[in-house]
Amino acid sequence: TTRSWDFVGLNGKTKRNRSVESDTIIGVIDTGIWPESESFKDHGFGPPPKKWKGACEGGKNFTCNKKLIGARFYGSLYDSARDDEGHGTHTASTAAGNTVNDVSFYGLAQGTARGGVPSARIAAYKVCGIEGCPTDAILAAFDDAIADGVDIITISLGSPDVALLQNDPIAIGAFHAMTKGILTSNSAGNSGPTASKVASVAPWILTAAASSSDRRIIDKVILGNGKTLVGASVNTFRLNGTSFPLIYGKDASRQCSEIAAASCQDGCLESGLVKGKVVLCDLAYGVDEAYRSGAVGSILKVDWDDDSQILPFPATTFSDKKFNVIKSYYKNSTKDAQVNLQRSEVERDAAAPLVASFSSRGPNSILPEIIKPDISAPGITILAAFSPTASITESSDDTRHVNYNILSGTSMACPHVAGAAAYVKTFHPDWSPAAIKSSLMTTASPMNAAQTSYNAAGEFAYGSGHINPVQAIDPGLVYEAFKQDYINLLCLVLNQTDVRLISGDNSTCSTGSDKGSLQDHNYPSLAAVVAPNKSFSVKFHRTVKNVGPANSTYNAKILANSTQVDIKVEPEVLSFKSLNEEKTFTLTAVGKGLSNEQHSHVTALLVWSDGIHSVRSPIVIHNN
Amino acid sequence: EAIDEERKVHIVYLGSLPDNKVYSPMSHHLGLLEKVVESNFAAKILTRSYKRSFSGFAAKLTDQEKERLANMKEVVSVFPNRLLQPQ
């Protein structure tokens with residue numbers, strides 16, 4: 001990617017452990033990969049790491065190299081691991097693509113493309129075809145990736161529906177990966193901003209929300225009255241600064257209903273009425289009809305304008321308020337409305353990082369005591385490698401093909417999180433998946449928590465904050481967890497039989513008073529569910545491990561905006577005498593009661609600080 | 001006897017791989033299937049075997065076969081194949 005890694009602090013000058021990075025293998029379970037991409041050339045790479053037990057079984061016309069060391073595919077409807085869609089190529093290059101100079105999308109977002117760990121190796125597991133990504137193939141890819149010896153798995157796949165953990169192949173596969181020391185990063189889903197839609201809910205997975213970076217792609221429209229409006233789309237076409245007549249879809253159709261025509265539904269627009277004009281459409285999908293009917297361009301309405309989608313011909317998108325300004329201008333200048341569509345440009349976005357409107361929100365509907373998503377990473381207008389044969393938009397009329405494309409989604413955030421995790425692992429190869437996860441979560445940078453129309457969910461939208469990989473290599477303390485800790489957690493919400501469905505072994509659940517509570521799982525963020533309109537007192541027990549200087553003393557600090565909750569930490573000081581020493585503490589949150597409004601919650605922040613390290617954990621008390 | 005349309009791909013999850021070094025996942029998977037269909041048919045409905053990091057298989061099953069497999073002691077779970085999407 002050309003900007004996002006710099007934005008999160010991993011730039012070309014960042015301290016790296018290159019020899020270990022070169023021995024790090026990222027497993028990418030996705031739509032395949034384009035092996036000939038510049039981002040996957042093997043210039044300067046040595047032979048695959050000794051631990052690699054995988055193979056290049058990429059199929060027909062597919063060759064691996066010393067960068068792309070492994071490939072497998074799992075579908076009967078395709079004959080190679082080659083990526084026909086571009087998605088897997090994009091995610092793989094985001095996580096671990098080479099440094100490639102001077103790339104852009106038709107001159108936009110120009111720069112040096114680079115993955116999070118450019119010296120790392122890639123193993124691609126193609127599980128998706130045109131029909132989607134079958135879960136039997138996904139499980140097969142996990143089966144292979146774990147045995148092949150990958151270090152980190154990134155899987156930018158999901159469903160709008162939340163599955164029970166025992167029926168969720170990503171949760172099952174990632175559980176086995178975790179037991180072998182492999183951390184899995186998974187996309188939160190694109191079902192935002194509706195609450196409780198996050199589909200990746202397992203506590204052993206690192207779940208990625210999508211956020212903005214400081215590069216925003218905009219396009220301007222100048223109305224005939226001189227007013228300029230800033231739209232949100234990627235429009236690479238030049239109309240030579242000329243203004244064109246504007247026509248509303250409902251005035252460009254005689255055979256469709258007013259609503260259908262205003263939306264520019266398929267078959268509604270009449271070529272004779274739109275030719276040489278810019279068409280105003282009430283829905284974004286009207287762009288194809290506008291294009292096909294011979295319009296010069298189109299102005300479209302979208303629900304949210306924080307993401308810029310590529311459009312197949314000169315067009316731009318506006319959310320409700322700005323779109324209505326254009327509609328009013330059109331109404332008030334009946335026969336003489338003119339618009340000038342400008343080519344997209346890049347501007348600095350000082351509001352970043354802001355969570356994306358589309359990014360799936362919590363609360364976690366399966367385990368509400370575990371905050372999901374866990375962390376945010378850039379996922380809006382990310383420029384990365386792409387398959388040159390794939391379509392760049394969904395429009396069948398768009399014949400453009402590129403080697404680097406701009407995509408948005410939690411799919412794009414997920415490999416950023418995986419790349420950051422791999423970066424941490426290059427400094428701490430022996431750290432457990434939970435320790436790496438903890439280091440990323442407790443060092444995450446604050447998000448922009450401005451209360452926009454889609455940003456009210458706070459931690460339920462962005463988790464612990466924005467990835468800060470450079471800080472994450474030196475977190476000071478980590479919240480450790482191993483297989484048995486996850487089993488103990490599951491035993492609190494599932495019966496022993498169901499726990500075994502996930503662990504796949506003869507794990508036993510203890511009975512009686514030693515079961516512990518859901519608040520006691522050693523997670524790097526803290527959440528509890530309380531009954532509405534009732535006073536509450538919730539205790540969390542946690543253990544932190546010293547991974548910083550042997551002799552260090554940490555003081556607890558609570559940052560809370562709300563007077564609804566009183567939080568105490570006992571003890572308030574933790575003194576360590578050696579590396580890897582563990583200390584426990586108890587956090588008690590007392591409140592008079594939350595309202596019974598849906599998803600009512602209070603938040604605070606626990607910070608352990610030794611003056612150098614700042615170990616931050618969000619605390620969320622909610623009524624679920 | 002079920003026609004192909006009545007069969008749907010299900011994942012039969014068997015959990016961790018046994019420590020036993022002579023364990024043959026493929027014959028174990030076929031053996032389980034042979035308990036619910038005729039032995040010469042088992043290989044035809046087995047679509048995938050998980051055998052490197054955990055144990056399990058995917059097979060085209062009828063509802064009845066799915067139930068019978070799910071009730072077997074050594075089967076951890078049986079769940080239907082579904083489609084996920086790039087995000």
Side-chain angles (χ1 to χ4, degrees), chain A residues 30-31 74 76 85 87-88 91 127-128 131-140 142-148 156-161 163-164 166-170 172-173 175-177 179-180 186-190 199 210 360 409-414 497-498 500-506, chain B residues 4-5 7-21 23-26 28-30 32-33 42-63 65-67 69-87:
Chain A
D30 211 300
T31 61
Y74 300 91
S76 54
E85 298 176 47
H87 186 272
T91 57
V127 295
C128 307
E131 78 287 4
C133 320
T135 49
D136 66 327
I138 292 170
L139 209 51
F142 269 105
D143 188 32
D144 280 332
I146 297 165
D148 285 347
S156 289
L157 310 175
S159 157
D161 307 313
L164 294 172
Q166 55 269 42
N167 294 345
D168 178 352
I170 297 179
I172 293 171
F175 185 89
H176 285 280
T179 64
K180 299 276 164 43
N186 185 208
S187 45
N190 297 340
S360 292
T410 51
S411 273
M412 284 65 244
C414 179
T497 309
D498 284 345
R500 288 178 179 182
L501 298 187
I502 298 161
S503 70
D505 60 14
N506 291 327
Chain B
D4 209 35
E5 292 84 68
R7 298 183 171 278
K8 290 195 178 109
V9 174
H10 283 78
I11 294 163
V12 181
Y13 176 50
L14 304 175
S16 301
L17 286 170
D19 293 332
N20 182 357
K21 283 196 177 137
Y23 174 70
S24 165
M26 199 66 181
H28 183 208
H29 301 163
L30 281 170
L32 285 173
L33 272 178
K44 287 181 188 163
I45 60 168
L46 180 75
T47 57
R48 223 178 270 288
S49 247
Y50 310 114
K51 50 187 184 285
R52 299 182 68 201
S53 304
F54 44 85
S55 185
F57 59 90
K60 287 181 181 170
L61 303 172
T62 63
D63 286 346
E65 289 156 6
K66 183 194 88 174
E67 287 305 319
L69 278 163
N71 288 330
M72 289 179 191
K73 201 180 166 193
E74 58 213 293
V75 173
V76 177
S77 62
V78 184
F79 52 96
N81 196 24
R82 62 190 181 108
L83 286 174
L84 304 189
Q85 299 296 335
Q87 298 291 302

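Side chains are part of it too, since the values below use all heavy atoms of this structure and drop only hydrogens, waters and symmetry mates. In this text the structure is predicted, and so the values were computed from the model without any measurement. Proteins come first, then strands; the chains are lettered A, B, ... in the order of their sequence lines, and each starts at number 1.
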Handout entry: Which portion of B:S49 sits near chain A, non-hydrogen atoms under 4.5 angstrom
Key = backbone
Fill in the blank from the handout: One option among A:A140, A:G173, A:G88, A:S159 has the most heavy-atom pairs under 4.5 Å with chain B, and it is A:A140
Practice task
Could you grab the distance from atom CZ of B:F54 to atom CZ of A:F142, nearest 0.5 Å is fine?
Solution key: 8.0 Å
Practice task
Would you check if the side chain of B:R48 reaches a backbone N or O of A:L139 as a donor-acceptor pair within less than 3.5 Å?
Solution key: no
Exercise for the section: Let me know if B:P18 has heavy atoms under 4.5 Å from chain A in its side chain, its backbone, both or neither. Expected result: neither
Exercise for the section: For A:E85 and B:P86, work out which heavy atoms get closest and say how close. Expected result: OE1-CG, 4.5 Å
Handout entry: Side chain / backbone / both / neither for B:L17 at chain A, heavy atoms under 4.5 Å
Key = neither
Exercise for the section: Measure distances from A:D148 to the heavy atoms of chain B and classify the residue's part below 4.5 Å as side chain, backbone, both or neither. Expected result: both
Practice task
Rounded to the nearest 0.5 Å, what's the gap from CG on B:L83 to CG on A:L157? Could you check?
Solution key: 11.0 Å
Handout entry: chain B contact via A:A137 - side chain, backbone, both or neither, heavy atoms under 4.5 Å
Key = both
Fill in the blank from the handout: Ranking A:T497, A:D498, A:T410 by heavy-atom pairs under 4.5 Å to chain B gives rank one to A:T410
Practice task
Please flag which part of A:Y74 lies under 4.5 Å from any non-hydrogen atom of chain B: side chain, backbone, both or neither.
Solution key: both
Exercise for the section: Carefully, step by step, assess A:I172 and B:I11 under the rule side-chain contact (heavy atoms from CB on, under 4.5 Å). Expected result: CA-CA 12 Å; A:I172 293 171; B:I11 294 163; over 6 Å; no
Exercise for the section: Select, from A:I146, A:T31, A:D136, the one with the greatest count of heavy-atom pairs under 4.5 Å involving chain B. Expected result: A:D136
Handout entry: Backbone N/O of A:G409 and side chain of B:Q87: donor-acceptor pair under 3.5 Å
Key = no
Handout entry: Min side-chain heavy-atom separation A:I502-B:Y13 under 4.5 Å
Key = no
Practice task
Name the option with the most non-hydrogen atom pairs under 4.5 Å to chain B; the candidates are A:A147, A:C133, A:A413.
Solution key: A:C133
Problem - salt bridge (Lys or Arg N to Asp or Glu O under 4.0 Å) partners of residues 73-87 of chain B, not counting sequence neighbours, each pair once - result: B:K35-B:E74
Handout entry: Donor-acceptor under 3.5 Å (A:D505 side chain, B:S16 main chain)
Key = no
Completion exercise
Closest non-hydrogen atoms of B:Q85 and A:E131, given as atom of the first, atom of the second and distance, are NE2-O, 3.7 Å
Exercise for the section: Before accepting this row, confirm whether a basic side-chain N of the pair B:R52/A:D144 lies closer than 4.0 Å to the acidic partner's carboxylate O. Expected result: yes
Completion exercise
Between the CZ atom in B:F79 and the CG atom in A:L501, the distance rounded to the nearest 0.5 Å is 9.5 Å
Exercise for the section: Report the option among A:A177, A:S187, A:G158, A:P134 that has the most heavy-atom pairs separated by less than 4.5 Å from atoms of chain B. Expected result: A:G158
Practice task
Measure the OG-NE2 distance between B:S53 and A:H176 for me, rounded to the nearest 0.5 Å.
Solution key: 8.5 Å
Exercise for the section: Sequence neighbours left out, what passes ring-ring contact (aromatic ring centres under 6.0 Å, His included) with B:H10? Give chain and number order. Expected result: none
Fill in the blank from the handout: Turns out that what part of A:S503 lies under 4.5 Å from chain B's heavy atoms comes down to backbone
